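Following: one structure in structure tokens, then a few remarks.
The sequence lines fix the lettering, A, B, ..., with proteins before strands; numbering per chain opens at 1. None of these values were measured; they are calculated from a predicted model.
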Amino acid sequence: MLQLQFIRENKEAVLQGLQKKNFKELNLVDEIIALDEQKRKTQTEAERNKSELNVMAKEIGNLMKRGLQEEAEAMKQKSGASRDAQKAMEDKLEELEKSLYENLVKLPNMPHASVPFGKTPEENENIYQEGEIPALFEGALPHWEITSKYDIIDFEMGNKVTGAGFPFYKGKGARLQRALINFFLDEALKAGYNEVQPPIVINKESGFGTGQLPDKEGQMYYVGIDDLYLIPTAEVPITNMYRDVILKEEQMPTKNVGYTPCFRREAGSYGAHVRGLNRLHQFDKVEIVQIAKPEDSYATLDTMVEHVKGLLQKLGLPFRILRLCGGDMSFNSALTFDFEVYSAAQQKWLEVSSVSNFEAFQTNRLKCRYKNAEGKNVLAHSLNGSALALPRIVAALLENYQTPEGVILPKVLQSYCGFELIN
RNA sequence: GGAGAGUUGUCCGAGUGGUUUAAGGAGCACGCUUGGAAAGCGUGUAUGCUAGUAAUGGUAUCGAGAGUUCGAAUCUCUCACUCUCCGCCA
């Protein structure tokens, strides 16, 4: 959620930003400004009246104490009449606040100045590429055939027990998952992150805090009996640790890493591009989350990008980094870098990480602030990134490292797995 | 799941309708005192919105929400959470 004061004072910049983000309802900005003006006027009025009522109530108390019943009664009458007016003003104020909020949460975040113009993924800016694209042998297979050839991931079993998109990982497949999680967590620990194991179901307040609700309600699994949601990413519980929190300056930045399964309904997607591990309803991910001072957040974003880069280098996977264009960025983000690995048998790039700075967009809703050196409370900036999401990494590892004799794992994973070859 | 007791500021804790402007204590900050420190003394010490250049003021917040009342931390209702006991249980 953008800050009202910012919108009020930077209307032109806001309009330009929204256009870059390919946001259509530009009239909302004027509406918000008008509502805000009305709201403040009403609030001033209501509070002045309330102040008078408070004085009268106190006076009645004094009169009663001194035994002046009649005077007290007279004032009660007067006060009672004013109370109805008060109620009306407060109702109006509440109404205005509600529609102001409803409009405000519809506005996406402002894109950072470096965000390129564009509407589609094709217009994302390729800013970095590294690693050799392997030339595969004759008869090389896509990962969904490798997994069944070596019986390491069982999609049919998942279909039977749960449904599509919930595979079983078996034998070396399960061990590879565990190895990757440990590897990613260990690397994050080395980079100074604090490991947390958050809950994987969250309440409504947390869903609102990080912006999944109300917009993406249909994308989350909902546990109706207890009014809870399965998390789509560890970002939600980990960032919400800081909801309604005022951090001390020396606590900044907070650096947390967590491994969780993630659940996404992915309503509406189907077909070849979601085949195998490309898109699942349940998948594993290690997520890094930082809360930073506003002046440091872009430097922080760079360190997170470097961290993810390091992971892919160690795994020896060819990858590229995209700076997302305005139209392809998420609602919440001010600047996002996507990481894609090349999947040799499918001959396409697969997104494995998304690293973003949300600036104060999430923290404004979360009310996550920090007390700066001058003792002022200011909204912190929140950032997060996948480091990394497992399924597509597994897909790329299986495809890129396959040989006629089996899949030879990269060195860094061999000790984590306890084996070198999947056959 | 059942029964009971709770939830007050940074912390402890008083407070069953009106000088509560939330007592008192601790902590923390600053000042005085001191050779220096401790003790002592003094002052300050929440958050949001809002008015104002500011100083400062208004308003709301005692787990959350609604209600009763001229007036609610205090009374009523709903909900959440914590603790104790019982039941169940990895």
Side-chain angles (χ1 to χ4, degrees), chain A residues 1-9 32-105 197-209 213 223-229 237 240-252 291 360-380:
Chain A
M1 185 166 69
L2 292 173
Q3 291 163 266
L4 245 184
Q5 197 188 344
F6 181 83
I7 299 174
R8 211 187 286 156
E9 291 167 5
I32 284 167
I33 290 171
L35 277 169
D36 173 51
E37 211 159 301
Q38 263 192 77
K39 181 225 134 191
R40 282 185 294 150
K41 207 176 129 219
T42 309
Q43 182 176 348
T44 307
E45 224 176 295
E47 285 183 357
R48 182 158 14 95
N49 194 56
K50 181 70 185 173
S51 176
E52 284 167 15
L53 280 171
N54 285 345
V55 170
M56 274 194 262
K58 201 163 283 181
E59 188 55 29
I60 291 169
N62 281 332
L63 292 171
M64 305 253 286
K65 189 151 283 182
R66 280 153 48 203
L68 302 169
Q69 287 296 335
E70 264 173 49
E71 285 87 337
E73 276 307 319
M75 192 160 278
K76 262 195 204 182
Q77 293 292 321
K78 198 175 153 200
S79 178
S82 189
R83 200 170 74 123
D84 293 340
Q86 183 63 27
K87 181 102 178 71
M89 279 190 269
E90 276 171 15
D91 286 350
K92 188 179 165 197
L93 182 60
E94 198 179 324
E95 189 90 358
L96 284 166
E97 274 172 349
K98 196 171 153 232
S99 52
L100 186 58
Y101 180 80
E102 277 167 4
N103 282 307
L104 212 46
V105 296
Q197 272 194 24
I200 58 173
V201 290
I202 48 123
N203 59 26
K204 274 207 161 68
E205 288 75 20
S206 295
F208 276 101
L213 293 173
V223 186
I225 192 166
D226 288 312
D227 200 18
L228 298 170
Y229 296 85
N240 269 283
M241 295 198 298
Y242 301 97
R243 170 153 51 86
D244 293 318
V245 166
I246 300 175
L247 290 156
K248 297 195 181 95
E249 206 192 4
E250 59 266 28
Q251 292 176 276
M252 306 288 276
I291 309 285
F361 194 78
Q362 279 184 329
T363 54
N364 190 27
R365 269 213 224 181
L366 288 163
K367 298 203 196 74
C368 169
R369 291 153 291 170
Y370 90 100
K371 204 173 271 297
N372 68 16
E374 293 92 58
K376 258 191 86 175
N377 294 329
V378 298
L379 290 175

Using atom [atom1] in both nucleotides, what's the gap between [N] and [M] to the nearest angstrom?
N	M	atom1	value
B:G71	B:U16	C1'	16 Å
B:G17	B:C86	P	37 Å
B:U8	B:G25	C1'	15 Å
B:U21	B:A73	P	9 Å
B:A64	B:U56	P	29 Å
B:G27	B:C79	C1'	35 Å
B:U10	B:G48	P	12 Å
B:A29	B:U20	C1'	26 Å

[atom2] on [Y] to [atom1] on [X], rounded to 0.5 Å:
X	Y	atom1	atom2	result
A:Asn372	A:Lys248	CG	NZ	15.0 Å
A:Leu53	A:Glu47	CG	CD	12.5 Å
A:Asn203	A:Asp226	CG	CG	11.5 Å

Identify all pairs in which a protein N or O lies below 3.5 Å from an N or O of nucleotides 67-74 of chain B, and state each distance.
unit_1 : atom_1 : unit_2  : atom_2 : d
B:C70  : O2'    : A:Ser79 : OG     : 2.6
B:G71  : OP1    : A:Arg83 : NH1    : 3.3
B:G71  : OP2    : A:Arg83 : NH1    : 3.4

Before giving the answer on salt bridge (charged side-chain N to carboxylate O under 4.0 Å, His left out), spell out for A:Lys76 and A:Glu73 the whole-Å C-alpha distance, their side-chain angles and the decisive distance to 0.1 Å.
CA-CA 5 Å; A:Lys76 262 195 204 182; A:Glu73 276 307 319; 3.6 Å; yes
Value in whole Å for how far the [atom2] atom of [N] lies from [atom1] of [X]:
X	N	atom1	atom2	result
A:Gln3	B:C49	CD	C1'	14 Å
A:Met89	B:G58	CE	P	18 Å
A:Glu47	B:C49	CD	P	12 Å
A:Asp226	B:A80	CG	P	10 Å
A:Glu37	B:A51	CD	P	10 Å
A:Leu35	B:C49	CG	P	18 Å
A:Leu63	B:G17	CG	P	20 Å
A:Glu97	B:U61	CD	C1'	14 Å

Partner nucleotide, any strand, of [N] [Watson-Crick/G-U, under 3.5 Å]:
N	result
B:A37	none
B:G63	B:C79
B:U19	none
B:U74	none
B:U10	B:A26
B:U53	none
B:G1	B:C86

Can you tell me if [X] touches the phosphate of [N], counting only side-chain N or O atoms and a distance under 4.0 Å to OP1 or OP2?
X	N	answer
A:Asn377	B:U47	yes
A:Arg40	B:A51	yes
A:Arg369	B:G48	yes
A:Ser51	B:U59	yes

Could you check A:Ile246 against A:Glu59 and say which one's nearest nucleotide on RNA chain B is further toward the 5' end?
A:Glu59
Within the supplied structure, the quantity of interest is the number of heavy atoms (other residues, nucleotides, ligands) at a distance under 6.0 Å from A:Glu94 CD; does it exceed 12?
no
Atom NZ of residue position A:Lys204 - does it have more than 12 heavy atoms of other residues, nucleotides or ligands inside 6.0 Å?
yes
Is there side-chain contact between A:Ile32 and A:Leu2, with at least one heavy-atom pair below 4.5 Å?
no
Within the structure provided, determine whether A:Tyr242 and A:Leu366 are in side-chain contact (heavy-atom separation under 4.5 Å).
no
Among A:Arg40, A:Gln43, A:Lys39, find the one that has a side-chain contact (heavy atoms from CB on, under 4.5 Å) with A:Leu96.
A:Lys39
Distance alone, cut at 3.5 Å: any donor-acceptor contact between the side chains of A:Asn364 and A:Gln3?
no
Counting any heavy atom closer than 4.0 Å, what does [X] reach on the DNA or RNA strands: base, sugar-phosphate only, or nothing?
X	value
A:Lys371	sugar-phosphate
A:Lys65	sugar-phosphate
A:Lys39	sugar-phosphate

